[in-house]
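In each ligand, atom 1 is the first atom listed, and ligand 1 is the first ligand listed.
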Amino acid sequence: MQGNVGNSSHIPRTDKHSLPGRFALRVTMILQQWRLILALECIFVCISSQFLLEKRRCVFQVSPQNERYLSAGNVSGLVQVCENTSCCVGYFLIIDGQPEVDVLACDVAEKSCPDATCKTQTRFGGRVIKCVCHTDLCNDKITWTPDSEQPQLACSYSVDEIVKAAVIVLVGALLVLCFTIAAARWRNLFKDKTENLQVVPHDYSVSPLCSCQQTTKTSEIDLADIEIQRILGQGSFATVWQGKYQESTVAVKVFPAGWKHKFTAEREVYELPLMKHAGILHFLGTGREPDAGSLFIVLQFAEYGSLHSFLCKHTTNWTLSLKLCQSLSQGLSYLHSDLRRYDVHKPPVAHRDLSSSNVLVRADGTCALCDFGCSTVLCSCSEAASRHNHTTNMKGHPQWGTLRYMSPEILEGSVNLRSSGCFTQGDVYALGLLLWEIWMRCSDLFEGSITPQHLLPYESELGADVSLESLIVFVSDMDKRPSIPKHWELLPQVFSHRSPPPRPVNRTMWPNQGPPPPPNPAYPPGYNPAYPPVPPPGVFPQPLNPAYPPYQHPAATNPAAMTPAMNACPGVMPYRPPGPHPYPMAPCGYPAVPPAYVHPGPYPHSPKWGHHKGHHKGHHCGGMYPMTGPVAGGLTGMVGHKVNKKMRKKMKKAHKYKHGHYKCGKSSSSSSSSDSD
Ligand SMILES: Nc1ncnc2c1ncn2[C@@H]1O[C@H](COP(=O)(O)OP(=O)(O)OP(=O)(O)O)[C@@H](O)[C@H]1O
């Protein structure tokens, strides 16, 4: 027994073999097990706190798009028993001056709710009111007058509540202590083992530029060979000019010498192998202005300028909207794809600043992605060393994107920088918003009424200048997305919520794709030059058809492979627009001149034309948040979004954001302007 105790100096000076001595020895041993005592105390306090904390009950009534509130607690009829919080919440939309219930439920995360009754706060210029309260079913009644602005936060705690609060604080402190001790023990126990463990992330590493990536040889272009004509647009970093080079109209993007790193970043993406795709702006070469030292990139000219300026000036019809959407989606899909063609490798690239200002529209009505200054090459190098380097690079990497196109997880700051998926998912969310912008200008979807003027995502809900705070509340907390006209749900074309109409069975998800070509014995198995085998599902780069002039080839279509049985026009889904079509159909694709049936929008130049870019940079992971509603098409479905309270707090601290802080490390409120017609 003595030997077990080890340190006899702690034993009281009594005869160790006497009864009191043995008792003292036992007590000492137990006292030495202080961890056990603490643990027992924790368990005791935890159990007792369960009795002290009654679960809050709140009135439950939510619209279908707010189903994430179901996760806040068990619902029985009109009552929800809160799981994580003692706060009830109510959101009301002010319609015709009257509040209409949008959400009545338990709050999804623990927040402060000092009021016993549901006192209201007005948000978004009076369009939404919110209230929180902490008594059972308190969100049933709100105290609201149209003039009430900010909440009066009354602090009226009862003695009971103070005792409860004190117990909770005590329990919390003890739990923290327990966890700290347990964590320390755990760390010591496994320290040796983990030191030798190398966790290999099961993902691409991310890097602005992979050391293992290949580049294609760029042609150096002499400025003297370009005839500069007029300014096309002014971006945050560069001025874009229209010019003539080798008999073709081109765009020359000129970066001042101080923005060399932006020039390099963009050039590196354009120079990646296999970057030639109809959905990506064609790159012709680079050069340096001898006197000023500025650097320039020569690019394909897009006749309609940015998608933003195109949608501001023109309404579209069903066919053109589909063409814009299809080419845009295919371009992004191609950009994200990981392609290997023999020894040539195109790594996936995340755009990371997708917005209607960074998509261009060509004369044939197809979209092309541009402005890769913020993009990230997702490298799949196998060498551990380069992987490590890339991950390290990300640490000091500035965060970026255009504020209103940022996905909820990006807004919240819950990103896993080691995951490549979060970057591409952020792009897909932005794509959803772009598709919404396009469809909202489709006059066929507003027959009998005036097509609304072009609006940026969330412009009608949050105004022309959005702040990060308002986006977090609206997009993340309230899980809202840009609204879709009610009558769209009744349109025959809208098939996202119903079974799609029958359509010809093709080998791919895209129409007009043609049957697979027969295998050619002259080529290795699986290879056919007409249909290169490399593209992953959904990406169909096909050889250019000589019938098309350079760079006018319709996106990802192969007119040569089409048969009369297929739909006549490349990129057109085989669904008819409703009723007689108001515009004459183009024969096949769009001519090189503006299509006859692209008619000017009913509104003159929008006063809200500027690009309201909040250039907060951030990236986080957490799944896709596609558009909801009919416009979502294949992207439908709202993913319940659990807000991580700790993350939110962290993020709010971390981002000292005010609208428009930085765009790729540059100051805010920058706007690109485009003047192409
Ligand atoms: N190839 C092109 N053809 C026609 N117009 C173009 C072309 N490239 C750019 N533009 C016009 O110039 C504008 C600015 O171009 P771009 O977005 O590439 O510059 P930037 O400095 O990178 O801008 P940003 O502020 O988005 O970073 C575009 O919005 C578009 O209107």
Side-chain angles (χ1 to χ4, degrees), residues 226 228-245 248-256 258-270 278-286 294-314 331 351-364 366-375 398 400-405 430 434 437 454 456 550-552 594 605 609-617 660-677:
I226 307 172
I228 297 287
Q229 293 170 331
R230 61 171 183 130
I231 284 196
L232 285 173
Q234 176 77 57
S236 315
F237 311 103
T239 309
V240 184
W241 297 81
Q242 183 180 320
K244 259 233 144 61
Y245 175 64
S248 302
T249 304
V250 292
V252 186
K253 187 167 179 177
V254 184
F255 296 79
W259 290 113
K260 186 180 174 196
H261 62 287
K262 296 301 303 176
F263 161 83
T264 311
E266 189 151 7
R267 188 190 63 188
E268 278 168 355
V269 174
Y270 278 122
I280 295 172
L281 195 68
H282 291 284
F283 165 74
L284 302 171
T286 59
S294 48
L295 298 148
F296 62 87
I297 299 180
V298 183
L299 298 158
Q300 172 191 23
F301 171 63
E303 290 78 355
Y304 282 117
S306 70
L307 177 65
H308 180 265
S309 80
F310 176 78
L311 293 174
C312 284
K313 293 173 189 172
H314 306 99
H351 190 286
R352 302 184 65 194
D353 191 15
L354 208 53
S355 70
S356 49
S357 303
N358 289 336
V359 171
L360 299 173
V361 182
R362 286 181 283 231
D364 66 353
T366 58
C367 289
L369 298 175
C370 72
D371 194 355
F372 297 101
C374 296
S375 299
W400 47 54
T402 299
L403 189 56
R404 68 174 73 240
Y405 292 89
L434 291 175
E437 284 183 70
H454 175 248
L456 291 165
Y551 310 125
Q552 295 299 325
H605 189 114
W609 225 27
H611 299 218
H612 310 289
K613 285 184 175 182
H615 292 156
H616 306 280
K617 314 307 172 185
H661 249 191
Y662 30 50
K663 173 178 170 72
C664 303
K666 202 206 173 235
S667 97
S668 68
S669 311
S670 54
S671 59
S672 304
S673 62
S674 157
D675 56 356
S676 61
D677 286 310

Return a yes/no value for Gln234: is any of its N or O atoms, backbone included, closer than 3.5 angstrom to an N or O of ligand 1? no

Heteroatom proximity flag, Val240 to ligand 1, N/O under 3.5 Å: no

Note: His308 and Leu456 closest approach over all heavy atoms is CD2-CD2, 3.4 Å

May I ask you to list the atoms of ligand 1 that are less than 4.0 angstrom from any heavy atom of Ser306? 29 (O), 31 (O)

Please determine whether any non-hydrogen atom of Gly373 lies less than 4.0 Å from an atom of ligand 1. no

I want to check something: taking the side chain as every heavy atom from C-beta on, are Leu299 and Tyr270 in contact at a cut-off of under 4.5 Å? yes

For His351 and Asp371, indicate whether the former's side chain and the latter's backbone hold a donor-acceptor pair under 3.5 Å. yes

Examine Gln300 against ligand 1 and note whether any of their N/O atoms are separated by less than 3.5 Å. yes

Sub-4.0 Å atoms of ligand 1 with respect to non-hydrogen atoms of Leu281: 1 (N)

What verdict does the side chain to side chain contact (heavy atoms under 4.5 Å, CB included) test give for Thr286 and Leu295, after you've listed the backbone C-alpha separation in whole Å, the side-chain angles of each residue and the deciding distance to 0.1 Å? CA-CA 7 Å; Thr286 59; Leu295 298 148; over 6 Å; no

So, does Ser309 sit close enough to ligand 1 that a heavy atom of it is under 4.0 Å from the ligand? no

Side chain to side chain contact (heavy atoms under 4.5 Å, CB included) assessment of Lys244 paired with Thr249: CA-CA 5 Å; Lys244 259 233 144 61; Thr249 304; 3.9 Å; yes

Trp259 vs Ser294, test: side chain to side chain contact (heavy atoms under 4.5 Å, CB included). Steps then yes/no. CA-CA 8 Å; Trp259 290 113; Ser294 48; over 6 Å; no

For Asn358, take its heavy atoms, then give the atoms of ligand 1 lying under 4.0 Å from any of them. 17 (O), 26 (O)

If you measure every N/O of Leu232 against every N/O of ligand 1, is any gap under 3.5 Å? no

Cys370-ligand 1 polar pair, N/O distance under 3.5 Å: no

Stacked cation flag Lys262 on Phe237, 6.0 angstrom / 45 deg: yes

Steps toward side chain to side chain contact (heavy atoms under 4.5 Å, CB included) verdict (Leu354, Tyr405): CA-CA 7 Å; Leu354 208 53; Tyr405 292 89; over 6 Å; no

Those atoms of ligand 1 less than 4.0 Å from some heavy atom in Ala302: 1 (N), 2 (C), 3 (N), 4 (C)

Ligand 1 versus Ala251, non-hydrogen atoms closer than 4.0 Å: side chain, backbone, both, neither? side chain

